[in-house]
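Accompanying notes for the structure given below.
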Amino acid sequence: MLRSHIILILVLGLLLPMASCDNNNKGSDKEKALNDSVSALVGKEGAGECEMLIKQIPPGRFKLDRAAYLEGFAQILLCDTLDHDQSYMLGVSQAIQMYGQLMQWEDQYGIRFNKTLLLKEFRKAFLAKKPVSQDELQRLSSQIQLYFRQATQQVVKKKAELGKTYLVEGQNYIARQVRNAGYTKAPSGIAYKVLRAGKGDRFMAGDYVHISYKGMHTDGTVFDQSQKGEIVQITDLDFIEGFVEALKMLRPGARLSVIIPGNLAYGMEGDDESGIKPGEALVFDIEAGPKATPAQVKQYQAEQDRQEQQYDDYQ
């Protein structure tokens, strides 16, 4: 999820100060020179690593304010060893953990937390002479879970209602495009228009192929876009059902516009991260290159393994 990327970036800001505070003024000139050299390199490397994490955020869902990012990063990084500052760091760390939990709950249950009220109750309980007991924590947890179950029922009901509405809208949109824009409706329900025929045999499941694609809402707003000539493997595990069907229609050099109804796209759940509504129909412009060579397939698989390992290392 988008929010998991944001949380990861926030937590990354805590790693460096907890490992090493600003003690660079101590030691000989030689030691200071060494400290400065390493600090400069780590600073540049750290910026590159953070930039990679930021790029994982889907476009259009989060606009990075770099000045604000640096302000927050510097505030945490430039600590010293005083008890006040260590206590402050602990508060920041635990606040980030709670903030991350609230974000996940908002996504999962649709609850919009009143953070001012939450902080007020937190402060009152935290400063009370008698801390919250284990029995009271269990009671509070049970109450919270009860509210979450109620919220879940509301989320499911709302998604089902929205899904029916958007599913019908998508079907009507497909019918108009078939009637007025030269699209052909396949038995499965997707509609397609061949923009360039291509040559050779059609692709099959399991093939590694070069493709470029752009995913759009029916109003033309882009929610996903590949790099030109990106290598993909045609598999149901990696793509929505309607997209896989469209890939199998392609030959090397072909270009296709395809409209995928909601039931063959992201279904009645939708995809909050990409801004895709429940039951929403999607439009893809797909351009096919040649099949990947064995050497390219090997390189692609190695890159996939590297990315999976990098993801595991961040967990």
Side-chain angles (χ1 to χ4, degrees), residues 1-19 21 53 56-58 61-62 68-69 71-73 75-77 79-165 266-279 311-315:
M1 300 292 291
L2 165 66
R3 295 190 171 203
S4 64
H5 295 311
I6 297 174
I7 295 166
L8 186 60
I9 292 167
L10 287 171
V11 172
L12 185 63
L14 291 174
L15 299 182
L16 287 174
M18 288 186 172
C21 294
L53 291 173
Q56 294 179 34
I57 300 174
R61 294 302 308 280
F62 173 70
Y69 175 95
E71 182 181 354
F73 193 89
Q75 185 177 19
I76 301 302
L77 188 66
C79 72
D80 58 32
T81 57
L82 296 176
D83 288 343
H84 172 273
D85 294 293
Q86 293 300 306
S87 298
Y88 176 85
M89 287 291 297
L90 180 60
V92 169
S93 175
Q94 294 184 341
I96 286 177
Q97 292 178 31
M98 177 175 283
Y99 182 73
Q101 184 66 77
L102 296 179
M103 293 169 81
Q104 291 176 4
W105 284 341
E106 286 188 359
D107 279 341
Q108 187 173 355
Y109 302 112
I111 294 174
R112 297 296 174 256
F113 288 93
N114 182 338
K115 295 186 179 69
T116 302
L117 176 60
L118 188 154
L119 180 59
K120 177 183 176 181
E121 292 299 317
F122 181 96
R123 181 181 286 112
K124 184 166 64 174
F126 188 73
L127 297 176
K129 293 181 179 180
K130 184 179 179 181
V132 180
S133 67
Q134 287 295 322
D135 289 342
E136 180 69 2
L137 282 175
Q138 291 180 3
R139 186 185 68 80
L140 291 169
S141 179
S142 296
Q143 286 183 309
I144 291 170
Q145 291 303 318
L146 176 61
Y147 282 120
F148 283 170
R149 286 194 292 271
Q150 294 173 357
T152 298
Q153 292 171 358
Q154 291 300 316
V155 169
V156 171
K157 182 180 178 181
K158 185 177 180 180
K159 275 195 171 184
E161 292 171 352
L162 285 174
K164 291 177 183 178
T165 300
Y266 287 88
M268 303 304 273
E269 286 296 315
D271 183 10
D272 293 336
E273 183 176 322
S274 300
I276 297 170
K277 302 177 184 69
Y311 176 83
D312 290 341
D313 290 343
Y314 281 131
Q315 299 308 301

Report the residues that fulfil salt bridge (charged side-chain N to carboxylate O under 4.0 Å, His left out) with Glu161, sequence neighbours left out, ordered by chain and then residue number. none
Could you work out, with side chain to side chain donor-acceptor pair (under 3.5 Å) as the rule, every residue matching Lys277, not counting sequence neighbours? none
Just to verify, what does Gln143 make a side chain to side chain donor-acceptor pair (under 3.5 Å) with, not counting sequence neighbours?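 For Gln143 the side chain to side chain donor-acceptor pair (under 3.5 Å) partners, ignoring immediate neighbours, are Arg139.
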Under the criterion side chain to side chain contact (heavy atoms under 4.5 Å, CB included), I'd like the reasoning laid out for Asp107 against Gln104: C-alpha separation, chi angles, the key distance, then a yes or no. CA-CA 5 Å; Asp107 279 341; Gln104 291 176 4; 5.8 Å; no
Give a yes or no on whether the backbone of Met89 and the side-chain of Ser93 come within a donor-acceptor separation of less than 3.5 Å.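 Answer holds: no.
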Can you name the residues that form a ring pair (Phe, Tyr, Trp, His ring centres under 6.0 Å) with Phe122, not counting sequence neighbours?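 Partners of Phe122 under the ring pair (Phe, Tyr, Trp, His ring centres under 6.0 Å) test: Phe126.
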Atom OH of Tyr147 with >12 non-hydrogen neighbours under 6.0 angstrom: no
Should Met268 and Lys159 be marked as a side chain to side chain contact (heavy atoms under 4.5 Å, CB included) after you check the CA-CA gap, both sets of side-chain angles, and the distance that decides it? CA-CA 7 Å; Met268 303 304 273; Lys159 275 195 171 184; over 6 Å; no
Sequence-distant partners of Ser133, side-chain contact (heavy atoms from CB on, under 4.5 Å), two or more places apart: Asp135, Glu136
Going by the salt bridge (Lys or Arg N to Asp or Glu O under 4.0 Å) test, which pairs reach into residues 113-126, not counting sequence neighbours?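 Every pair satisfying salt bridge (Lys or Arg N to Asp or Glu O under 4.0 Å) with a residue in residues 113-126: Glu106-Lys115, Glu121-Lys124.
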Distance, nearest 0.5 Å, that separates OH of Tyr266 from CD1 of Ile276: 4.5 Å
Give every donor-acceptor pair under 3.5 Å between a side-chain atom in residues 148-158 and any protein atom, sequence neighbours left out.
residue: Thr152; atom: OG1; partner: Phe148; partner atom: O; Å: 2.8

